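In what follows, a structure is listed as structure tokens, so that the remarks can point back to it.
In this text the structure is predicted, and so the values were computed from the model without any measurement. The first residue of the sequence shown is numbered 1, and numbering continues consecutively from there.
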Amino acid sequence: STYTVYAHDIEIKVKNGDKVKKGDVIAKVKSGTQKKRYLHFEIIIDGVHVDPLIYLPKQNEKKL
């Protein structure tokens with residue numbers, strides 16, 4: 001099975017077990033007083049943490 005993990009200063013918009021599809025908003029980074037905002041993101045496949053950059057589009061690729 002495949003899991004994704006999102007953390008740090010975010011507002012979750014879905015519940016565990018919700019079905020989501022490409023393009024659905026699942027979370028938003030909260031606003032705050034710090035200048036740098038970021039999202040912690042992990043992908044876990046069959047219990048193994050994998051490099052998420054393998055699965056994400058390159059910066060110069062167009063969004064679908």
Side-chain angles (χ1 to χ4, degrees):
S1 51
T2 301
Y3 297 92
T4 54
V5 178
Y6 306 84
H8 194 277
D9 290 336
I10 60 172
E11 177 184 348
I12 304 293
K13 298 290 190 177
V14 295
K15 293 185 242 52
N16 191 21
D18 283 355
K19 300 264 185 201
V20 296
K21 62 185 185 311
K22 185 176 181 176
D24 287 351
V25 174
I26 59 171
K28 290 191 175 190
V29 176
K30 294 179 182 179
S31 61
T33 57
Q34 296 177 355
K35 290 183 180 182
K36 291 185 180 181
R37 310 306 300 170
Y38 67 91
L39 170 72
H40 175 87
F41 175 63
E42 297 178 32
I43 298 176
I44 304 167
I45 300 175
D46 295 328
V48 177
H49 292 259
V50 298
D51 182 353
L53 293 178
I54 295 168
Y55 298 94
L56 298 174
K58 305 288 184 248
Q59 284 186 336
N60 60 353
E61 289 181 15
K62 293 181 180 179
K63 290 183 179 181
L64 298 177

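- Within a 6.0 Å radius of CZ in Phe41, more than 12 heavy atoms belonging to other residues, nucleotides or ligands are found.
- Ile44 and Val48 are members of different hydrophobic clusters when ILVMFWY side chains are connected at heavy-atom separations under 4.5 Å.
- Distance check: Tyr6 OH to Ile26 CD1 gives 3.5 Å after rounding to the nearest 0.5 Å.
- Ile54 and Leu39 end up in the same hydrophobic cluster when Ile, Leu, Val, Met, Phe, Trp and Tyr side chains are linked at under 4.5 Å.
- Val5 and Val14 sit in two unconnected hydrophobic clusters of ILVMFWY residues. Membership requires side-chain heavy atoms under 4.5 Å apart, directly or through other members.
- One distance of note links NZ of Lys28 with CD1 of Ile10; it measures 13.0 Å at 0.5 Å rounding.
- The side chain to side chain donor-acceptor pair (under 3.5 Å) analysis of residues 43-55, with sequence neighbours excluded, yields the pairs Glu42-His49.
- Atoms CD1 and OG1, from Ile43 and Thr2 in turn, are 8.5 Å apart once rounded to the nearest 0.5 Å.
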